[in-house]
Each structure stands twice: as structure tokens, then as C-alpha cells.
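Along the sequence shown, the residues carry numbers beginning at 1. These numbers were taken from a predicted model, which means no experiment stands behind them. Below, all heavy atoms of this structure are taken into account, side chains as well, without hydrogens, waters or symmetry copies.
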Amino acid sequence: MLFTDVIRKKRDGGELNDREIKLFVDGLADASIPAEQVSSLAMAVFLNSMSFAEAGKLTLAMANSGTVLDWSREDLGGPVVDKHSTGGVGDKVSFLLAPIAAACGCYVPMISGRGLGHTGGTTDKAEAIPGYNATPDFDLFRRTVKEVGCAIIGQTEDLAPADRRFYSIRDVTATVESVPLITASILSKKIAAGLQGLVMDVKVGNGAFMESSERATELARSIIGTAATAGLKTHAVVTDMNEVLGTTAGNALEIEESVLYLRDEVRDPRLDEVVMTLCAEMVLIGGLEASRDAARARCENAVSSGAAAEIFSRMTAALGGPADFMENYGNYLAKAPVVRPVYGDGAVIAVDTRAVGNAIIELGGGRREVGETLDLSVGLTDIAPLGAELGKNRPLAVVHAASEDAAERAAENLQNAYTTGAAKASPGPVICEILSG
């Protein structure tokens with residue numbers, strides 16, 4: 001069978017069978033199918049979609065293209081659960097949620113991705129911590145999860161290798177937003193990680209891959225339904241991405257905001273609502289509490305007691321980072337040489353959040369092509385939320401850049417991304433919908 005025949009079939013709206021999907025996944029895993037043919041099939045799927053059965057077959061084939069973890073022999077004493085986000089701007093939730101859930105009694109083997117399109121990547125952010133090994137061998141990964149309660153890592157060579165290559169090609173070929181491909185990519189990694197439960201954070205809005213509530217709900221239901229075929233219990237929370245989540249965007253800068261949150265010093269309200277809602281769903285799906293109110297109270301105590309901060313510190317050290325990172329993070333995180341505020345007039349009425357994400361890419365904090373090296377120090381802090389009154393004491397944001405020219409371009413991009421005026425905006429709720437099958 002020629003792979004061009006598979007591309008042609010999907011291009012013309014046909015449904016791929018088991019043999020054709022296996023040919024594709026095998027060719028992804030061993031790189032025998034060249035990138036241009038992979039991108040051609042990705043675009044054919046983007047344009048013609050996939051049936052539920054096709055997406056399920058693709059998911060399982062990619063999950064089984066490498067090692068599949070089994071936690072049943074580890075005698076963990078708690079549920080193995082995880083969370084995954086469809087990607088947003090300023091989304092540092094993973095670094096908060098994993099240690100909080102672990103402090104609540106969950107075990108969280110979190111396998112994350114790099115930046116995709118205009119959104120930042122959890123793996124890239126983790127590598128802003130000096131020495132942090134985001135791609136450890138399985139022995140270290142297992143040991144860290146068992147002894148600490150959580151480990152946040154990127155995809156390794158052995159875990160869903162077909163997805164890893166497909167993911168990088170989709171990132172630079174404008175095929176990210178396909179519902180079946182997002183579903184298969186997410187779930188192949190999660191199934192390979194040996195989870196018992198999964199909570200999905202499906203972003204919706206102008207900074208999300210799913211801009212309409214209908215598309216976000218479609219993706220949420222696709223993930224829940226496809227996961228069910230593999231016996232993976234899944235809840236989905238649809239959350240707003242019509243503005244940056246939290247007050248920072250950029251790799252090292254988001255790690256700093258995460259540290260301050262876990263130390264219970266600064267907790268942005270919208271970020272806090274997303275974290276607590278998702279974490280409560282993890283506690284619920286893991287059977288540790290019977291009600292959302294009880295689960296949320298348990299999560300809140302994990303932060304206020306310092307337990308979550310302690311777990312984050314132990315996880316960082318176990319994976320090669322500084323043992324005193326939580327106490328002395330300012331000594332370790334990279335700092336951009338140029339830091340300057342960007343001002344505006346009036347109140348923030350609307351934000352083109354995707355444009356903010358693209359501004360981070362132009363600063364060097366995100367990728368334009370596969371394998372590009374990032375500047376982990378650059379980004380934005382003090383980002384004004386919707387409704388904020390701007391003035392000399394309240395900038396639109398503070399730019400962290402590698403040069404004055406880069407800072408100037410970022411300032412212009414940022415001002416173009418924001419709409420300001422006399423009328424005051426009323427931000428909508430950050431939690432839009434919770435689905436549980």
C-alpha cells in the first residue's frame with residue numbers, strides 16, 4: 001500500500017481503516033513517512049475531519065506506538081489521575097494543580113507538551129528551572145511519582161513516539177485546531193501514561209484553539225467519548241480564554257507566578273478559580289471526596305497549609321532542579337536584560353489573546369519552526385485584565401525583552417492586541433461548563 005493512497009482517500013472524504021491507520025502511525029514512529037506527507041494527511045483530516053471510530057483507532061494506535069505505563073504494581077495507595085489543557089496564553093495551571101492534587105492524595109504522572117501555535121508549552125516552562133530534567137528515564141519518572149506524588153515531564157523517546165512527531169509537525173502546518181487530531185494527541189499520551197482518571201481543561205475564546213462554545217463543547221465530548229472507549233474515566237471543564245490567564249505570559253515569568261501562588265502570596269482570582277475547579281474534579285474523579293464542595297475545601301487546604309509548595313519543591317529537586325528553588329527562585333530564573341512598561345489610556349474593553357501569544361513568540365519565547373531554541377527569560381508581567389483602568393500607575397503590561405528593538409516591537413504588538421476606551425468591560429465567568437460524560 002502506498003501512503004499517497006491513504007492521503008488521497010482522506011483528501012476525498014473517505015474513512016481510514018485499521019490497516020491504513022496502522023501504516024500511518026508506524027510511519028510516524030519510525031520516521032519512514034516524510035514530514036511533507038504527514039502534513040498532507042494532517043491537512044486532509046483538518047478539512048474533512050474523522051469519524052468517532054477513526055479518532056478512537058488513531059488514539060489507541062499512537063498510545064501503543066511506544067511504552068505503556070502500568071502503575072498497578074507500584075502499590076501507590078491513591079488514584080492515578082492527571083489534567084490536560086488544550087492550551088492557552090499564560091496557562092501555568094499544571095505547575096499549581098499537580099502538587100495540589102498530590103497533596104490531596106492523588107498521584108499525578110503529568111506528561112506535557114511543548115508550545116503549540118500561539119500557546120505556551122508546559123515542558124518549555126519547566127525547563128526554565130535550571131537543572132530540571134523534563135525528559136527523565138522511566139525509572140526516575142516512576143520513582144518521583146511514587147515518592148513525591150507528582151512529576152511534570154515532557155514526552156520521552158519511548159512514550160507515544162508517533163504522537164510526538166505528529167505534534168511537532170502539526171505545530172508548524174496550521175493543522176492544530178482539528179478536533180479528532182487534538183483528541184488523539186491528548187489521549188494517546190494519557191493512555192500511555194497509565195491513568196485511571198483524567199480531567200480536561202478545554203479552553204474557549206479568542207486565545208483558544210476552540211473559539212466558540214459549540215466547538216469547545218464538541219471537543220470536550222469527543223475527548224470524553226474517545227477516552228471511554230479505552231476505559232479512561234474523564235471529566236471536562238470548559239474555561240474562558242478571552243484574556244490571558246493570570247498576570248504573566250512567558251516561560252520563566254510564569255514559573256515565578258506559580259511559585260508565588262503555591263507560597264500563598266499572590267493568587268490571581270481568575271487563575272485561582274480555574275486551578276481550584278480543575279483540582280476539585282481530580283479529587284472527585286479519584287474518589288477521594290464525594291462532593292465538589294468537600295473536594296474544593298481539600299484543595300484549598302493543600303495550598304494554605306504549605307503542603308502543595310513542599311511537594312513542588314520536592315518534585316523540582318527530584319528531577320534535578322535546585323533543592324532551594326521555592327525559597328530562592330529569584331536566584332535561578334533567567335531575567336531579560338530589557339524590562340519596560342507599556343501604557344495605555346482608558347479601561348481595557350477587549351483583548352485579542354491570540355495576538356498576545358504571538359507577541360510572546362516574536363519576543364523569542366515561542367517557536368516559529370520545529371526545534372527552535374527559546375529565550376526562556378522573555379515575556380510579559382503585570383498584564384492588565386479586562387475592565388482594568390489604565391494610567392500612569394497602571395500599565396497595560398510590562399515587557400521583558402532581549403533588546404530595546406524587541407521591546408519596542410512587543411509594545412506595539414501589545415497595544416494593537418488591546419482595545420481600550422471609556423466604557424468598562426464586564427468579564428464573563430472563567431468557568432463556562434463542567435461535563436462528566
Can you label the angle between the Phe325 ring and the Phe312 ring as parallel, tilted or perpendicular, going by 30° and 60°? tilted
Can you tell if the side chain of [X] reaches within under 4.5 Å of the side chain of [Y], non-hydrogen atoms only?
{"X": "Asp375", "Y": "Leu363", "answer": "no"}
{"X": "Pro180", "Y": "Ser222", "answer": "no"}
{"X": "Ile255", "Y": "Ile129", "answer": "yes"}
{"X": "Met110", "Y": "Met315", "answer": "no"}
{"X": "Pro385", "Y": "Glu243", "answer": "yes"}
{"X": "Thr247", "Y": "Thr381", "answer": "no"}
{"X": "Thr175", "Y": "Ser39", "answer": "no"}
{"X": "Asp5", "Y": "Arg8", "answer": "yes"}

For [Y], is there any backbone N or O sitting under 3.5 Å from a side-chain donor or acceptor partner on [X]?
{"X": "Glu265", "Y": "Leu260", "result": "no"}
{"X": "Ser112", "Y": "Ile153", "result": "yes"}
{"X": "Asn206", "Y": "Asp352", "result": "no"}
{"X": "Tyr418", "Y": "Leu396", "result": "no"}
{"X": "Asn64", "Y": "Leu60", "result": "yes"}
{"X": "Lys10", "Y": "Val6", "result": "no"}
{"X": "Asn48", "Y": "Arg11", "result": "yes"}
{"X": "Lys92", "Y": "Gly90", "result": "yes"}
{"X": "Lys146", "Y": "Glu74", "result": "yes"}

Side-chain donor-acceptor pair present, [X], [Y], cut-off under 3.5 Å:
{"X": "Ser72", "Y": "Asp70", "answer": "yes"}
{"X": "Tyr332", "Y": "Asp324", "answer": "yes"}
{"X": "Thr217", "Y": "Glu433", "answer": "yes"}
{"X": "Asp264", "Y": "Ser304", "answer": "no"}
{"X": "Thr59", "Y": "Thr226", "answer": "no"}
{"X": "Ser94", "Y": "Lys83", "answer": "yes"}

For Leu28 and Ser65, run side-chain contact (heavy atoms from CB on, under 4.5 Å): C-alpha distance rounded to whole Å, both residues' side-chain angles, the deciding distance at 0.1 Å, then the answer. CA-CA 9 Å; Leu28 278 170; Ser65 66; over 6 Å; no
Show your reasoning for whether side-chain contact (heavy atoms from CB on, under 4.5 Å) applies to Leu232 and Leu195. CA-CA 7 Å; Leu232 178 60; Leu195 300 182; 3.8 Å; yes
Answer yes or no: is there an ion pair linking [X] with [Y], defined by an N-O contact shorter than 4.0 Å?
{"X": "Glu15", "Y": "Lys57", "answer": "no"}
{"X": "Glu327", "Y": "Arg263", "answer": "no"}
{"X": "Arg270", "Y": "Glu273", "answer": "no"}

Is it the case that over 12 heavy atoms from other parts of the model lie below 6.0 angstrom from the NZ atom of Lys22? no
Between Leu288 and Gly105, which heavy-atom pair has the shortest distance, and what is it? CD1-C, 3.8 Å
Can you see which heavy atom on Asn251 is nearest to which on Gly365, and at what distance? ND2-O, 3.2 Å
Just to verify, what does Phe24 make a ring-ring contact (aromatic ring centres under 6.0 Å, His included) with, not counting sequence neighbours? Phe3, Phe166
Identify which one of Lys203, Glu214, Met200, Met210 satisfies the side chain to side chain contact (heavy atoms under 4.5 Å, CB included) criterion when paired with Leu219. Met210
Please name the residue in the list Ile100, Val266, Val93 that meets the side chain to side chain contact (heavy atoms under 4.5 Å, CB included) test with Tyr261. Ile100
Checking side-chain contact (heavy atoms from CB on, under 4.5 Å) for the pair Leu140/Asp137: CA distance, chi angles, key distance, verdict? CA-CA 6 Å; Leu140 178 56; Asp137 59 38; 3.5 Å; yes
Are Thr173 and Val38 close enough, and set up right, to give a side-chain contact (heavy atoms from CB on, under 4.5 Å), and what steps lead you there? CA-CA 10 Å; Thr173 55; Val38 173; over 6 Å; no
